[in-house]
Amino acid sequence: MPIKAFFDPRQRAHAPPQTLVNGAFDNNPEVPERIDHLMAGAKAAGATFARPEDRGLAPIAAIHTPEYLDFLQHIHTRWRRIKGASEAVIPAVHPLTRTAAYPQSAAAQAGWHMADGSCPIDAQTWDAAYWSAQTALAAADCVAAGAPIAYALSRPPGHHAFADAAAGFCYLNNTAIAAEHLRTRGHRPAILDLDVHHGNGTQAIFNHRADILTVSLHADPARFYPFFWGHPQERGTGAGLGANLNLPLPKGANDATFQAALKTALRRIKTFSPTILVVALGLDAHIDDPFKGLAVTTEGFATIGATLHQTGLPLVLVQEGGYVGGALGQNLTSVLTGAMGR
């Protein structure tokens, strides 16, 4: 049985050429070319692609604030009215706290709604991010309708996006949107984030809630992006206390270390008793990925997929990181093949 996969070609249009890294502009690694590698890898695993239907803004607005969604839709036009402004929106000023009055200027709102310099906004960003979210929703509905597994080629990715802020190449939190959509349809979803970077946006969105479990495996943020989130003491707050689990791994951790942490993650997920598992499928833990955080091999990704299959849970796989130059397509083939139990 082929894997059902989803993608919309409008997701290609977002292509800011540079991001701000360590005070200097550098080439943006989150490029449209990623799509070609991922699509080839999915097809090699037997996936068949369909375009998502438009489910409207409501499932996105269930996660993101109206203020932020208005910002994303209009900020590039407003930014370009500023004399001498860069082509893509990249803020220079950020508030020290979020308790100040909401600013009115485009430059100040950019600093308010963009957590760092690695989420530039160009003229096509909103449209691409919107369809990336619709792609995740299509995969969620496919599994809710009875498919054992579905893959969302969501690009740009989403797990660093907060309810009201972009960060780390991410604008709309596709994984969170899919999980909340499933919850409203009567499911009890858990989120498992396998990206090399901690899913700080996802954690923040559900941090005060107990109805969606969030679990993340990632490189130790003590010296790795996103730095300020992803530590083991972050267990959720209020009603959500105990509904978040972070499993930071030492930089350069190999297949065996990752697999041991994955088993710990799945043990916690089992105690939550979910009806469906939403996987934030980062492939940037690979040993040859440009970010060089962990050292998972292509064979290791096959084992990860097989371990997910052994849970017996329906799987919604939402693409997160994984960059050109790190055996990207082959890694996706390995995960999907394993997740299908082949």
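Count residues from 1 along the sequence. As a basis for the values below, the full set of heavy atoms in this structure was taken, side chains included, without hydrogen atoms, waters or symmetry mates.
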*Asks:* Are the side chain of Asn173 and the backbone of Gly158 linked by a donor-acceptor contact shorter than 3.5 Å?
*Replies:* yes

*Asks:* Quick one: CE on Met340 to CD1 on Ile3, what's the gap to the nearest 0.5 Å?
*Replies:* 5.0 Å

*Asks:* Please table the atom pairs, donor to acceptor, closer than 3.5 Å between any side-chain atom in residues 50-60 and protein atoms at least two apart or in another chain.
*Replies:*
| residue | atom | partner | partner atom | Å |
| --- | --- | --- | --- | --- |
| Arg51 | NH2 | Asp8 | OD2 | 3.4 |
| Asp54 | OD1 | Gly56 | N | 2.8 |
| Asp54 | OD1 | Tyr130 | OH | 2.5 |
| Asp54 | OD2 | Tyr130 | OH | 3.3 |
| Arg55 | NE | Asp141 | OD2 | 2.5 |
| Arg55 | NH1 | Glu53 | O | 3.2 |
| Arg55 | NH2 | Asp141 | OD2 | 3.3 |

*Asks:* For Arg342, I'd like to know if atom CZ has over 12 heavy atoms of other residues, nucleotides or ligands within 6.0 Å.
*Replies:* yes

*Asks:* To the closest 0.5 Å, what do you measure between NE2 (His231) and NE2 (His198)?
*Replies:* 9.0 Å

*Asks:* So which atom in Ala139 and which in Ala150 form the shortest heavy-atom distance, rounded to 0.1 Å?
*Replies:* O-CB, 3.6 Å

*Asks:* Going by ring pair (Phe, Tyr, Trp, His ring centres under 6.0 Å), name the pairs with one or both residues in residues 36-60, residues two or more places apart or in two chains.
*Replies:* none

*Asks:* Thr19 vs Asn28, test: side chain to side chain donor-acceptor pair (under 3.5 Å). Steps then yes/no.
*Replies:* CA-CA 5 Å; Thr19 62; Asn28 188 354; 5.1 Å; no

*Asks:* Taking NZ, NE, NH1 and NH2 as the nitrogens, is one of them in Asp127 or Arg12 under 4.0 Å from a carboxylate oxygen of the other?
*Replies:* no

*Asks:* What distance separates Thr275 OG1 from Arg188 CZ, expressed to the nearest 0.5 Å?
*Replies:* 8.5 Å

*Asks:* Can you tell me how the ring of Tyr225 sits relative to the ring of His197, calling it parallel under 30°, perpendicular over 60° and tilted otherwise?
*Replies:* perpendicular

*Asks:* Taking the basic N atoms (NZ, or NE/NH1/NH2) and the acidic carboxylate oxygens, is any pair closer than 4.0 Å for Glu180 and Arg209?
*Replies:* yes

*Asks:* Can you find a pair of side-chain heavy atoms, one from Thr264 and one from Leu262, that are under 4.5 Å apart?
*Replies:* no

*Asks:* Restricting to salt bridge (Lys or Arg N to Asp or Glu O under 4.0 Å), what partner residues turn up for Arg80, sequence neighbours left out?
*Replies:* Glu87

*Asks:* What's the verdict on ring-ring contact (aromatic ring centres under 6.0 Å, His included) for Phe6 and Trp131, showing C-alpha distance, side-chain angles and the deciding distance?
*Replies:* CA-CA 10 Å; Phe6 298 90; Trp131 285 103; over 10 Å; no

*Asks:* Could you work out, with side-chain contact (heavy atoms from CB on, under 4.5 Å) as the rule, every residue matching His74, not counting sequence neighbours?
*Replies:* Asp70, Arg78

*Asks:* Please check this pair: side chain of Ser132 against backbone of Ala128, looking for a donor-acceptor N/O pair closer than 3.5 Å.
*Replies:* no

*Asks:* Please check if atom CZ in Phe228 has more than 12 non-hydrogen atoms from other residues, nucleotides or ligands closer than 6.0 Å.
*Replies:* no

*Asks:* Hey, mind stepping through Thr135 and Gln11 against side chain to side chain donor-acceptor pair (under 3.5 Å) and telling me if it holds?
*Replies:* CA-CA 9 Å; Thr135 293; Gln11 295 169 232; 2.6 Å; yes

*Asks:* Just to verify, what does Tyr68 make a ring-ring contact (aromatic ring centres under 6.0 Å, His included) with, not counting sequence neighbours?
*Replies:* His64, His113

*Asks:* Considering only NZ, NE, NH1 and NH2 on the basic side and carboxylate oxygens on the acidic side, decide whether Asp211 and Arg183 come within less than 4.0 Å.
*Replies:* yes

*Asks:* Under the side-chain hydrogen bond (donor to acceptor under 3.5 Å, both in side chains) definition, can you give me all pairs with a residue in residues 252-261, not counting sequence neighbours?
*Replies:* Asn254-Thr257, Asp255-Thr297, Gln259-Thr307

*Asks:* Might you confirm whether atom CZ of Arg98 has over 12 heavy atoms from other residues, nucleotides or ligands at distances under 6.0 Å?
*Replies:* yes

